[in-house]
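Beneath this line is the structure, given in structure tokens, with notes to follow.
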Amino acid sequence: MIWVDLHLHSTCSDGTVKPSDLPKLGRRLGLSVMALTDHDTTDGNEEFLRSCRRHRVKGIPGVEVSAEAPYTLHVLGYRVSSGGPLEEALAWVREGREERNHRICSKLSALGVPVSMEEARSEAGSDLVGRPHIARVLVRKGYASDPMDAFNRFLGRGAPAYVSRRRLSPGDAIDLIRQSGGLAVMAHPLQTGLGWDDLYRLVVEMRSMGLWGVECFHSSASREDSLRLFQMCAELSLVPTGGSDFHGENKPWVSMGVPVEPTWIPWARLGVDL
Ligand code: AMP
Ligand code: ZN
Ligand code: FE
Ligand code: FE
């Protein structure tokens with residue numbers, strides 16, 4: 001077994017560790033391969049790859065996009081080239097975030113727990129402001145006991161300050177990743193909340209759209225679930241991948257690294273020479 005992590009967030013989205021600091025942490029934990037997969041942005045990739053070389057960890061540039069669906073459906077893109085058609089789509093998605101954040105702030109004010117855009121932005125420290133940043137402001141101002149509480153009472157799906165945002169359809173997400181030279185992988189399949197039969201059908205459908213792999217090993221998946229996903233990949237000739245979804249202090253219970261058998265993943269396709 002080797003330890004890898006193909007699902008990492010940095011300060012360029014809603015993680016708390018800088019792209020240049022992730023490889024140092026990974027190296028210390030004995031990781032062989034790492035991929036940066038920030039939400040809706042590839043901004044950190046260059047800096048991340050440079051730092052990977054410095055710390056002698058194999059690095060893969062990536063991104064995570066949320067697809068339009070009645071449940072949580074995230075698609076990871078690996079090896080996407082910057083300047084491809086995906087970049088344009090991501091810019092459109094990020095614009096939608098901005099719009100959404102304004103609406104979330106208005107709703108929070110109306111609920112008597114005001115958070116300003118400035119507060120959210122300064123919490124993020126980058127252009128990409130997400131709900132975890134707003135959650136941190138709510139905690140800091142004493143309106144929520146911790147980020148989880150902030151999501152449950154205000155920001156999560158179904159909560160009173162929830163606002164949906166612009167998303168790509170699953171087909172467009174996969175297409176744009178592929179048109180940009182990348183490989184599309186379904187992230188944390190169990191977070192869809194679908195039962196196994198429906199999940200199987202969804203994976204088959206996404207495979208017909210050009211899906212390359214499925215994230216079988218993830219910090220939120222049990223051993224049994226991971227093995228079942230792994231089996232599904234074998235049946236459908238999809239590549240089983242793994243990553244923690246590390247967010248630093250924004251998800252302090254998630255630590256980096258998942259163990260995989262090196263032969264499971266065609267590393268060369270990911271641009272990695274193991
Ligand atoms: P956004 O991209 O702004 O929609 O925010 C998505 C981020 O919020 C992801 O990192 C999620 O893991 C996190 N998130 C979503 N729901 C919850 C929740 N109930 N508790 C904590 N974090 C959450
Ligand atoms: Zn996140
Ligand atoms: Fe995700
Ligand atoms: Fe993620």
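For ligands, and for the atoms within them, numbers begin at 1 and follow the listed sequence. Residue numbers count from 1 along this sequence. Owing to the predicted nature of the structure, the values given are computational and were not obtained by experimental measurement.
- Checked against L199 for a side-chain contact (heavy atoms from CB on, under 4.5 Å), the options V204, V214, L190 give a single hit: L190.
- Classification of the H39-H9 ring pair by plane angle, with boundaries at 30° and 60°, yields parallel.
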Report task. In sequence, state the C-alpha distance, the side-chain angles, and the governing distance for T37 and L6, and then conclude on side chain to side chain contact (heavy atoms under 4.5 Å, CB included). Result -> CA-CA 8 Å; T37 54; L6 306 187; over 6 Å; no

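- Within the coordination shell of the Fe ion (ligand 4), defined by N, O or S atoms under 2.8 Å, H247 is absent.
- At a threshold of 4.0 Å, the pair D40-R165 counts as salt-bridged, since one of the basic side-chain nitrogens sits closer than that to a carboxylate oxygen.
- Under 2.8 Å from the Zn ion (ligand 2) lies an N/O/S atom of H247, whether from backbone or side chain.
- Excluding waters, the set of protein N, O or S atoms lying under 2.8 Å from the Fe ion (ligand 3) comprises E64 OE2, H74 ND1, H188 NE2.
- Not a single N, O or S atom of E64, from either the backbone or the side chain, sits less than 2.8 Å from the Zn ion (ligand 2).
- There is a side-chain donor-acceptor pair under 3.5 Å between S10 and D38.
- Between the side chains of H7 and E215, a donor-acceptor pair is found at a separation under 3.5 Å.
- Ring planes of F217 and W264: parallel class, angle under 30° (limits at 30 and 60°).
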